[in-house]
**Q** 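Handing you this structure, nothing more for now.
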Amino acid sequence: MIETPPLVDQHCHGVLRTELGLATFEARLTGAAGPPAAGTTFFDTQAGFAVRRWCPPLLGLEPHCAPARYLARRRELGPAETGRLLLRGSGVGAYLVDTGAPGDLTGAKELARAGEAQAFEVVRLESLAERAADGSGTVAAFLAGLGGAVHHAAASAVAFGCGAGTGYARALADDPSPPGPGEVRGAAGRWLAGRAGGGPVRDPVLLRHLLWSAVSSGLPVQLHTGAREPGELTGFVRATEGLGTQLVLLGGYPHHRHAAGLAAAYPHVHADLGPALAATGARAAAVLAELLELAPFGKLLFSSGGRQLPELHAVGALVFREALGRVLGGWVADGAWSWRDADRVAAMVAAGNARRVYRLDERG
Amino acid sequence: MIETPPLVDQHCHGVLRTELGLATFEARLTGAAGPPAAGTTFFDTQAGFAVRRWCPPLLGLEPHCAPARYLARRRELGPAETGRLLLRGSGVGAYLVDTGAPGDLTGAKELARAGEAQAFEVVRLESLAERAADGSGTVAAFLAGLGGAVHHAAASAVAFGCGAGTGYARALADDPSPPGPGEVRGAAGRWLAGRAGGGPVRDPVLLRHLLWSAVSSGLPVQLHTGAREPGELTGFVRATEGLGTQLVLLGGYPHHRHAAGLAAAYPHVHADLGPALAATGARAAAVLAELLELAPFGKLLFSSGGRQLPELHAVGALVFREALGRVLGGWVADGAWSWRDADRVAAMVAAGNARRVYRLDERG
Amino acid sequence: MIETPPLVDQHCHGVLRTELGLATFEARLTGAAGPPAAGTTFFDTQAGFAVRRWCPPLLGLEPHCAPARYLARRRELGPAETGRLLLRGSGVGAYLVDTGAPGDLTGAKELARAGEAQAFEVVRLESLAERAADGSGTVAAFLAGLGGAVHHAAASAVAFGCGAGTGYARALADDPSPPGPGEVRGAAGRWLAGRAGGGPVRDPVLLRHLLWSAVSSGLPVQLHTGAREPGELTGFVRATEGLGTQLVLLGGYPHHRHAAGLAAAYPHVHADLGPALAATGARAAAVLAELLELAPFGKLLFSSGGRQLPELHAVGALVFREALGRVLGGWVADGAWSWRDADRVAAMVAAGNARRVYRLDERG
């Protein structure tokens, strides 16, 4: 058996504080925007089956029990106790909590208490911009407020993040360089003028400005790649090489081999095991093995991508631990790897790489 | 052992009625347009090996016998008896027959009789257009004839289809919306004027018109993706969401994970297990497992893609059944899935999903 | 056990003649341009683990010994004896040596002597052009010199090659056809005029001219695909079909399934097992199995891509042989393939296909 230390979950969100019915629980199981197709259910997915495998035993039920039975037990315990049991059963020692997701979710400290773990904050750049815009009347005030917010966040958070939905990757593919001050002022003016009622940042110049502000702060930057080919990021990766800022590519399935290739080619690029593990369930070991083809073992980080449901945090961690043990253990059994190396790599991917990249031990 | 009901082969063509020599048989084994390279044979492919594994026993020979021996046995039995033995040995209960392929092939009814199975028709949109053009002197007559043909087909067929070779995917990537009546008339006029001697539909406006006519009919639409990234279809997928028409993506290897991702993200999109199974033979279980990562289990449909050679129908079905049993059985053995769920999912993918999507039970 | 004959390594470079320290050895283990990230080492990669698994036993050490111990043993033996032990232990019978890589590397004859094997030369087109430019004062002299060099190389080498870094793939995607004489003269004039101090060929017109010159020679052409989608080459593949020249796609991971698809679709296209095997180490069998999905078994060729370190030549060969045995042996155990077929395919991929494509037996 491969031994892994308590995991560092390098990217997750908070969990919901409210009770959930069968349909509201089901709707949060996968990333789909709408309801399931007529005649189907989101429980009939690898994510659904993985939740039914791993979570019922943590709540005192048989694995693979029916969804209705699981939800009944969940209601019996209440959302707080359910969260505590799931998070504490997952073997995670530290969470990096992305506080940019909408909804009434627990923050970093509350997640830490529930999971008896450390928690650190990851600040979303687009949230900083939107909050700065909400509080500013002029372009100059907005840009000054944004600069202050980035500076302030750099002191308290362990990383910045930028979401795939903003379109930043396309913006960087078109021009990976930092925009000049005049360009930024112009873009900010246009965005603020057109922004009635709190619209999100989608302006390519502002997104580039945000990312380069983050790069200047020296904090690692988490780049969500969604399902896009990470090749779009190559220009930005080249432009930021040697500046001392670490980039962490989040997600990437089914392009995870490309993400691993970027991590192999550039010293400041890291790849994420990510939510593809919980989403692919019984196939997690196969997907993880593909990532482990090209990614240097010191450049790969675990995350659950868990959001809203503590089930997703727990399943991400449990699926990962089992998949890692199976993959590395198989290589040891074949004679391809030594036990000693396998244990060492497991510790790196599970926790050590994240502790080094985010300097967690300096944060306490 | 995972139990599967008689399969629904949701996409195949008819079989040849004529006898075949070694070279003419070989030429139909794979999708290659030309002859094999000097010094090589199409029998030395996964498809060739899969035929030699699965078909000889159905004709009373040893598996893996030499191609010449197999062809001799085939001639001994004659094409009709060969077809009956192969089709009846494949465990297929219903065929959806795409009648748009050229050549002297059996139609749906004849395939049904040979295979002792149900058969339903899938109508190719490009064939409807070409037939309407053959019988019309004017643009108005062509468009009226085409409208009538779509309407008529919607009453008798179970689905429409559109071939990858038409270039419809590129047309939809450029503009996914339905063209206006004036645009359609202009495009029809240009196509008819330039069409000496029965040329195929390649006009992007006419292809969009055909697809939107099919969408309006309410019948499911089978979209052949060939080896192209299905991302080109995203605009059309978005434009047709919520209209009540089901889209089924056919093929997609080596982009099958993307196709599965579209099926996960949009309620009206389905993915196909397809001809990649027979084409990859000994690797079919591995390819199937990749599709089963992200595709909701209620959105995945079996097909053989069989065409011309009944061997391809039979191998598609037999390879699929073995691969499904191996993949799901492995997950049960690992404790990742329950037996009960595995049997249920096998029945869905093998037949139930197709019966629901194409409303086969209403057609009888 | 699957039997394989002595391998033909259809693409490698020479090895360094100088002694290496730990850091200089490490820097050559992977394709990364710069140093490893702080806190990481290139030994912690599949390539590093594969070297530590396969090479120490060839030098009399335990597998998986520490890098420092391995390097100490290497220094003890000296670079020449190390090279001899590694190359002779790898089971390679013939090398095709690409002489276009920079650095003080052994040539074909020296590699042959060290490895007790045959060796043949592969000439890089860009090197021919750069050498012709170095020795010419005028456009006319350059083009005449280049024509003569191609003609001369065709008589002594077994293939031409073109490197991914030249950008030839993009040039062919934009226009796959041979440029006219006037175009070539113009491009040559511009390149020579701007070429102070021996710059490399990056001009799209000259690259197309080089490739079409190679095609005219009738010798096989090795096209390095790097990590690019080989779809860019489709136009050139179509334009060269039926001309009698064989194309061999080198590399291609993670797009190897696409490369296999091109080899399946076009009679003159071949795919390479390539350096992805040594680079993915414990995963080599999985990657090889993916290539064996669509590639006709007569169109797949082994290579190590070894360069500078004889470890890479040896690991490529040893990893390949083990992976091939495991993949084909597994299919035989499953009943999917017969032993006889598996042995036959192993011999083709290991050596027979390369001997046929490069006509090695006519070269002696």
Side-chain angles (χ1 to χ4, degrees), chain A residues 229-231 234 238 241-242 244 246-247 252 254-270 285-300 327-342 344-345 348-349 352-353 355-357 359, chain C residues 26-27 29-54 56-57 62-67 226-229 251-257 275-290 315 318-319 322-323 325-326:
Chain A
E229 235 272 43
T234 308
R238 284 198 185 131
E241 189 176 352
Q246 310 294 315
L247 304 180
H255 296 290
H256 44 294
R257 281 168 157 170
H258 292 81
L262 283 175
Y266 296 95
H268 63 314
V269 176
H270 302 74
V287 174
L288 171 58
E290 290 178 346
L291 250 171
L292 283 166
E293 285 163 8
L294 227 51
F297 308 137
K299 306 293 259 343
L300 209 51
V327 170
L328 304 195
W331 292 338
V332 172
D334 289 344
W337 284 30
S338 68
W339 269 117
R340 190 193 167 88
D341 282 327
R344 196 167 56 83
V345 169
M348 290 162 67
V349 177
N353 293 337
R355 293 202 168 273
R356 184 186 76 244
V357 169
R359 305 174 181 232
Chain C
E26 184 192 347
L29 266 181
T30 73
T40 75
T41 151
F42 290 141
F43 282 106
D44 283 346
T45 56
Q46 292 284 6
F49 279 28
V51 164
R52 285 176 50 227
R53 172 196 196 176
W54 292 105
E62 289 291 299
H64 305 298
C65 72
R228 297 181 78 95
E229 235 270 44
Y253 176 94
H255 297 291
H256 45 294
R257 281 168 157 170
L277 299 181
T280 62
R283 283 285 296 172
V287 174
L288 171 57
E290 290 178 346
V315 165
L318 296 165
V319 157
E322 206 229 20
R326 180 182 305 202

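This structure is a prediction, so every number in the text was calculated from the model and none was measured. Heavy atoms only: backbone and side chains are in, while hydrogens, waters and symmetry mates are out. Each chain gets a letter, A, B and so on, in the order the sequences are listed, and its residues count up from 1.
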**Q** Is the shortest heavy-atom distance from the side chain of C:T40 to the side chain of A:R356 under 4.5 Å?
**A**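 Result yes, sub-4.5 Å side-chain heavy-atom pair found.
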**Q** Considering only heavy atoms and a distance below 4.5 Å, find which of C:T41, C:T45, C:T30, C:T280 pairs most often with chain A.
**A**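 Result: the option with the highest number of such pairs is C:T45.
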**Q** Using the side chain to side chain contact (heavy atoms under 4.5 Å, CB included) criterion, which residues pair with C:A285? Sequence neighbours excluded.
**A**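 Per chain and number, C:A285 pairs via side chain to side chain contact (heavy atoms under 4.5 Å, CB included) with C:A323, C:R326, C:V327.
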**Q** Would a distance-only check, ignoring hydrogens and angles, find a side-chain to backbone donor-acceptor pair under 3.5 Å from C:H64 to A:W339?
**A**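 No, the answer is negative, given that no donor and acceptor are paired below the 3.5 Å cut-off.
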**Q** Under the ring pair (Phe, Tyr, Trp, His ring centres under 6.0 Å) test, which residues partner A:F297, sequence neighbours left out?
**A**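 Checked A:F297 against ring pair (Phe, Tyr, Trp, His ring centres under 6.0 Å); matches are A:W337, C:F49.
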**Q** So which heavy atom on A:K299 is nearest to which on C:A37, and how close?
**A**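 Taking A:K299 first and C:A37 second, the nearest heavy atoms are CE-CB, 3.8 Å.
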**Q** Which region of A:R344, side chain (C-beta onward) or backbone (N, CA, C, O), has a non-hydrogen atom less than 4.5 Å from a non-hydrogen atom of chain C, or is it both or neither?
**A**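 Just its side chain gets close to chain C.
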**Q** Going by residue number, which parts of residues 254-263 of chain A are within reach of chain C, meaning a heavy-atom gap below 4.5 Å?
**A**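 If one takes a 4.5 Å heavy-atom cut-off, the residues of residues 254-263 of chain A near chain C are A:R257, A:H258.
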**Q** Hey, are the side chains of A:W331 and C:Q46 touching, using non-hydrogen atoms and a 4.5 Å cut-off?
**A**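 Answer yes - side chains close enough.
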**Q** For the residue pair A:P267 and C:P35, what are the closest heavy atoms and their distance?
**A**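 Heavy-atom minimum between the residues: CB-O, 3.9 Å.
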**Q** Where does C:A47 contact chain A at under 4.5 Å (heavy atoms): side chain, backbone, both or neither?
**A**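 Answer is neither: C:A47 stays 4.5 Å or more from chain A.
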**Q** Can you tell which part of C:P63 gets under 4.5 Å to a heavy atom of chain A, answering side chain, backbone, both or neither?
**A**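 Nothing of C:P63, per the 4.5 Å heavy-atom cut-off to chain A.
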**Q** Could you list which of residues 287-294 of chain A have a heavy atom closer than 4.5 Å to any heavy atom of chain C, in residue-number order?
**A**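 At a heavy-atom separation under 4.5 Å, chain C is reached by A:A289, A:E290, A:L292, A:E293, A:L294.
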**Q** Looking at C:R52 and A:D341, is there a salt bridge between them, counting it only when a charged N and a carboxylate O are closer than 4.0 Å?
**A**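 Counted as a salt bridge, because a side-chain N and a carboxylate O are separated by less than 4.0 Å.
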**Q** At a 4.5 Å cut-off on heavy atoms, which part of A:V345 comes close to chain C: side chain, backbone, both, or neither?
**A**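 Only the side chain of A:V345 comes within 4.5 Å of chain C.
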**Q** Name the region of C:F43, side chain, backbone, both or neither, that has any atom closer than 4.5 Å to a heavy atom of chain A.
**A**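 Neither part, no heavy atoms under 4.5 Å.
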